[in-house]
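A short worksheet on the structure shown next.
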Amino acid sequence: TVNKPATTNVYVYYKVLSQYDPGTFNDRPWTSMSQTTNLNNIALNDTDFIEYQYDPSTTTTNYTASSVTYTSFKTFAIKIVMTSTNTTKVPRIEDLRTIALA
């Protein structure tokens, strides 16, 4: 749930690492997620928190590294980037729920 005033935005990214991938987790790229809830929802006041949902842009989290495609993952991370055009109005996050299906 996020308090997201007008002129602010929240971007969510993920990265995964397969247990079979010999690469390091730091070498995996961040992938943008899409907001699947109403894009026009904004907070009307400082106490107005709205639930937003973000999903991977594709139906799977498969990735290719060194010409090998990995179809499962063991490790994942989520990165949240909050932006604003006004330093006095910034988004605030109250709750975070993450569901990862490998």
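Below 30°, between 30° and 60°, or above 60°: for F73 and F76 the angle between ring planes is above 60°, a perpendicular geometry.
Although no hydrogens or angles enter the test, the distance criterion places a donor-acceptor pair under 3.5 Å between the side chain of Y54 and the main chain of V10. Although no hydrogens or angles enter the test, the distance criterion places a donor-acceptor pair under 3.5 Å between the side chain of Y63 and the main chain of S18. The main-chain N or O of T60 is found under 3.5 Å from a side-chain atom of T58 such that the two form a donor-acceptor pair.
Rounding to the nearest 0.5 Å gives a distance of 12.0 Å between NZ of K4 and CE of M82. Between atom CG of residue N62 and atom OG1 of residue T71 there is a gap of 5.5 Å, rounded to the nearest 0.5 Å. Considering CG of N3 and CD1 of I50, their distance stands at 8.0 Å, rounded to 0.5 Å. Rounding to the nearest 0.5 Å places OG of S32 at 9.0 Å from OH of Y14. Here T24 contributes atom OG1 and L17 contributes atom CG; the two are 8.0 Å apart, rounded to the nearest 0.5 Å. A distance of 7.0 Å separates NZ of K89 from CG of D46, quoted to the nearest 0.5 Å.
Using a 4.5 Å cut-off on side-chain heavy atoms (C-beta onward), V12 and I78 make contact. Annotation: side chain of R97 is in contact with side chain of E51 (closest heavy-atom distance under 4.5 Å). No side-chain heavy atom of M33 sits less than 4.5 Å from a side-chain heavy atom of Y13.
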Check the pair Y11, Q35 against side-chain contact (heavy atoms from CB on, under 4.5 Å), reporting the backbone distance first and the verdict last.
CA-CA 8 Å; Y11 300 97; Q35 181 179 326; over 6 Å; no
Does the pair T88 and N86 meet the rule for a side chain to side chain donor-acceptor pair (under 3.5 Å), with working shown?
CA-CA 5 Å; T88 63; N86 181 338; 2.7 Å; yes
Is there a salt bridge (Lys or Arg N to Asp or Glu O under 4.0 Å) between D21 and R28? Walk through the geometry before answering.
CA-CA 10 Å; D21 186 347; R28 298 288 57 90; 3.1 Å; yes
Test side chain to side chain donor-acceptor pair (under 3.5 Å) on D55 and S34 and set out the steps.
CA-CA 5 Å; D55 293 314; S34 299; over 6 Å; no
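V90 and V81 fall into different hydrophobic clusters, where Ile, Leu, Val, Met, Phe, Trp and Tyr residues are linked whenever their side-chain heavy atoms come under 4.5 Å apart, directly or through other members. Taken together through direct or relayed side-chain contacts under 4.5 Å among Ile, Leu, Val, Met, Phe, Trp and Tyr, F25 and I80 form part of one hydrophobic cluster.
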